[in-house]
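Structure record follows, encoded as structure tokens.
The model shown is predicted, which means the values in this text are computed figures rather than measured ones. FYI, side chains are in, hydrogens and waters are out, and symmetry mates aren't considered; it's all heavy atoms of this structure. Order of the sequence lines sets the chain letters (A, B, ...), proteins ahead of strands, with each chain counted from 1.
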Amino acid sequence: MMEIYIAKEKFPGFVEKLMGQQRVFGPVFQGQYHEFAELKASDEIDLSYQNTRLSPKGLFHPHSERMFQYSLATGDPEAGIVKEAPKDYSPRVILGIRPCDAKAFRLDDANFDTETIKDPWWTRRRASTILVGLACNAPCRSCFCTSVGTGPFDPAGLDALLIDVGTGYVLQAVTDKGKELAAGLAGGEAVAPAMTEQVAQLKQAAEAQLTIQFDPKAIADQNMLELFNAAFWDEVQFSCINCGTCTFLCPTCWCFDIQDEVCNDQGDRLRIWDSCMFPLFTLHGSGHNPRNVKLQRVRQRFMHKLKYYQDKYHGGVACVGCGRCVKSCPVNIDIREVARLMSASCVCPA
Amino acid sequence: MQAYTEKIQEAARRLLADKQVDVVIGFRKGTLPFMNEPFLAKNADQVRKLYWDSNCGINLANYLSKRTDRVAIVAKGCDSRNIVVHLLEYQIKREQLHILGIPCQGMLDRRRILGALDGKEPVGVTEKDGRVLVSGAGFEVALDRQEYLQENCAICTHRNPVIYDELLGEPVPEQTEVDRYEDVRLVEAMSAEQRWEYFDNLIKTCIRCYACRNACPVCFCPTCFVDESRPQWVGKTIDPTDTRTFHFLRAYHVAGRCTDCGSCERACPVGIKMRQFTKKMEKDIKELYGYEAGVVPDQRPPLDTYRPDDPQQFIK
């Protein structure tokens, strides 16, 4: 593995160098919490953060995006022709992303980037982005990444990983993109064996802080219909207010709506985040709604993440254990508790 | 406030055993510090989970809308006011309800407490002599409870339930010397341009998740104006025009009905202070009609009353 050491006093220079080459995004403190934003100055990045309030999925799959635009002007020879709206695909680095959030993009690829379907905006943004992660030395108490197949130092979704070793960062290149980035870096030093040992210890210590919360395999092994009809959903759903907080903050919730907005003779086709918590999400044109009651919607969210995704893709659950839904649910519905109910051996209704 | 837990459990057990009610709506202990979960107890086993402390800020009246069974509900001052609003707006019948009143001394503002911890994670929380003791890995701090109340609780003038079947504790003194509208007057004093900018900044982080609407006990329309799709009234994007439309309309829709329970701000994942809108409505209703929402159970609210002798010309 290619790795270099960057002393903390040299880090702003490193960020500036990157900013000279491409757009750089990182965790920025915005009054109440941290959010991923494009850096305007190298000192805006704050790597002392634990987790951003919203996941960085919006950098690839924005909340609201103009996909196409069209003219409806009388006499315009191009009226009614839907044209792609311009978007910025210039190269960029996301610096300081947590390993769980980067892993989430891999899970989302199962939807946006497959053999048969390639979402053009998702795939082009993925291709033009380098992900430089920041290992979690001190995971939050609401984190459970090691229960869902990733971890605080997991390089799986990253091009390179930074590890805070106190005086500086060890940068480990993971992919060719990451190697290229590291190679072009002035001021990097060789990593001494003692530091490699320290990184191993930090990783071990971080993982030791995370206890296994549930076993996704046990959920995969359940009979789908028995789980679907389980009695516990009634208890789980009671407190839910059916807002979109969990889905909008989640790095692996990708659902969207497509709407046309017309103002005078100018039309826009928009893609907007949607949520399986909203009744409108499944409302048919006929007026029928297959998920008409709250229980069905609450069940859908957990079944999709923890059961259907596993059954369909055989690559674990659609959750990276970032804990955002746990922390921000207004009524304290805790996915770890629900997953335990789902993995318990008897789920048949009484 | 934790002493209420036993009393709630005792009442719930009795009411269920005597078949006076079918279910009890209360809270169970949360999985995170400063969080509890609204909970429905149907049997003695579930009654054991009922719990109360200073983190029961979500308004339970929200869970009553259109229920058809007999319900016991734990109600602090604001919940009881929203039960009154529910009764006035025909969301539930009085005879279906057994209200377990909780004289309340305010709920804790988890966001400000977490902010005061400066990134350190709370593990243990206890309350003693007006102080909140928070501990975690390598730290322990004592916070003045009064300073860390939810902002609506700090200026609450109805801490005792306004309607109940049994009161589970001695009434607490009401706060009489509070200025409820200090912040509203500051906004009123702004120029139109300043106000526009102030409101834009207030809601600029909105992600349109509707947690504020859904946590609100007076938002119970079968189809919200936001969810109307034929035609669609409101844009769904986070363009400022769409976000403004949502927040302004929501605020007007709860005018004369909002009890300032603070559930909206408590629920918001991005910390928007949308009570800035609803408090202005509340102040206007109070000044124009001398009316406070959810305080008097047997009087029609001013905004749903038609009077032939109304002094304004536009109504005639």
- prompt: Is it true that a side-chain atom of Arg208(B) and a backbone atom of Gly244(A) form a donor plus acceptor pair closer than 3.5 Å?
  reply: no

- prompt: Taking all non-hydrogen atoms of both residues, which atom of Leu283(A) and which atom of Ser229(B) are closest, and how far apart?
  reply: CD2-OG, 4.4 Å

- prompt: Given that the side chain runs from C-beta out, which part of Ile207(B) has a heavy atom under 4.5 Å from chain A: side chain, backbone, both or neither?
  reply: both

field: Inter-residue atom distance Asn36(B).CG - Ser239(A).OG, 0.5 Å rounding
entry: 11.5 Å

message: With a 6.0 Å cut-off (strictly less than), is the heavy-atom count around CD of Glu228(B), excluding the residue itself, greater than 12?
response: yes

message: Between Thr245(A) and chain B, with a heavy-atom cut-off of 4.5 Å, which part of the residue counts as in contact: side chain, backbone, both or neither?
response: both

query: For Asp239(B), is it the side chain, the backbone, both, or neither that has a heavy atom closer than 4.5 Å to a heavy atom of chain A?
result: neither

Under 4.5 Å from any heavy atom of chain A - which part of Lys120(B): neither

task: Answer yes or no: is there a side-chain heavy-atom contact under 4.5 Å between Val23(B) and Phe238(A)?
output: no

- prompt: Checking Leu114(B) against chain A: side chain, backbone, both or neither under 4.5 Å from a heavy atom?
  reply: neither

field: Heavy-atom contact with chain B under 4.5 Å, split by part of Phe278(A)
entry: side chain

message: How long is the straight-line distance from NZ of Lys236(B) back to CG of Asp274(A), given to the nearest 0.5 Å?
response: 7.0 Å

task: Heavy atoms only, distances under 4.5 angstrom: which of Asp227(B), Val123(B), Ile238(B) has the most pairs with chain A? Name it, please.
output: Ile238(B)

message: Please classify the contact between Cys140(A) and chain B as side chain, backbone, both or neither, with a heavy-atom cut-off of under 4.5 Å.
response: both

- prompt: Which atom pair, heavy atoms only, marks the closest approach of Cys243(A) to Ala211(B)?
  reply: CB-CA, 3.4 Å

statement: Greatest number of non-hydrogen atom pairs under 4.5 angstrom with chain A, of Arg213(B), Arg28(B), Glu121(B), falls to Glu121(B)

Interface moiety of Asp234(A) toward chain B, non-hydrogen atoms closer than 4.5 Å: side chain

query: What are the two closest non-hydrogen atoms of Glu37(B) and Ile333(A), and how far apart are they?
result: OE2-CG1, 3.8 Å

task: Answer with side chain, backbone, both or neither: which region of Glu65(A) has an atom nearer than 4.5 Å to a non-hydrogen atom of chain B?
output: neither

task: Please test Leu280(A) against Val226(B) for side chain to side chain contact (heavy atoms under 4.5 Å, CB included), starting from the C-alpha separation and ending with a verdict.
output: CA-CA 10 Å; Leu280(A) 199 58; Val226(B) 170; over 6 Å; no

task: Pick one of side chain, backbone, both or neither for Tyr33(A), based on which atoms fall under 4.5 Å of a heavy atom in chain B.
output: side chain

- request: To the nearest 0.5 angstrom, please state how far the OG1 atom of Thr237(B) sits from the CD atom of Glu261(A).
  value: 6.0 Å

task: Mark yes when over 12 heavy atoms from residues, nucleotides or ligands other than Lys294(A) sit less than 6.0 Å from its NZ; otherwise mark no.
output: yes

- request: Find the distance between CD (Gln30(A)) and NZ (Lys204(B)) and round it off to the nearest 0.5 Å.
  value: 8.0 Å

- prompt: With only heavy atoms counted, which part of Arg324(A) is less than 4.5 Å from chain B, the side chain, the backbone, both or neither?
  reply: neither

message: Could you walk me through whether Val331(A) and Tyr63(B) satisfy the side chain to side chain contact (heavy atoms under 4.5 Å, CB included) test, starting with their C-alpha distance in whole Å, then the side-chain angles of each, then the deciding distance to 0.1 Å, before giving a yes or no?
response: CA-CA 12 Å; Val331(A) 294; Tyr63(B) 295 92; 3.4 Å; yes

message: What's the separation between atom CZ in Phe27(B) and atom CG in Asn332(A), rounded to the nearest 0.5 Å?
response: 10.5 Å

query: Can you say whether Arg110(B) sits under 4.5 Å from chain A via the side chain, the backbone, both, or neither, judging by heavy atoms?
result: side chain

- prompt: Would one find more than 12 heavy atoms of other residues, nucleotides or ligands at under 6.0 Å from atom CZ of Arg66(A)?
  reply: no

query: Can you name the nearest heavy-atom pair linking Asn214(B) to Ile241(A), along with the distance?
result: ND2-O, 2.8 Å

message: For Arg141(A), which atoms come within 4.5 Å of any heavy atom of chain B: side chain, backbone, both, or neither?
response: both

task: Measure the NE2-SG distance between His63(A) and Cys206(B) for me, rounded to the nearest 0.5 Å.
output: 7.5 Å

query: Is Asn201(B) atom CG crowded by more than 12 heavy atoms from other residues, nucleotides or ligands, each under 6.0 Å away?
result: yes

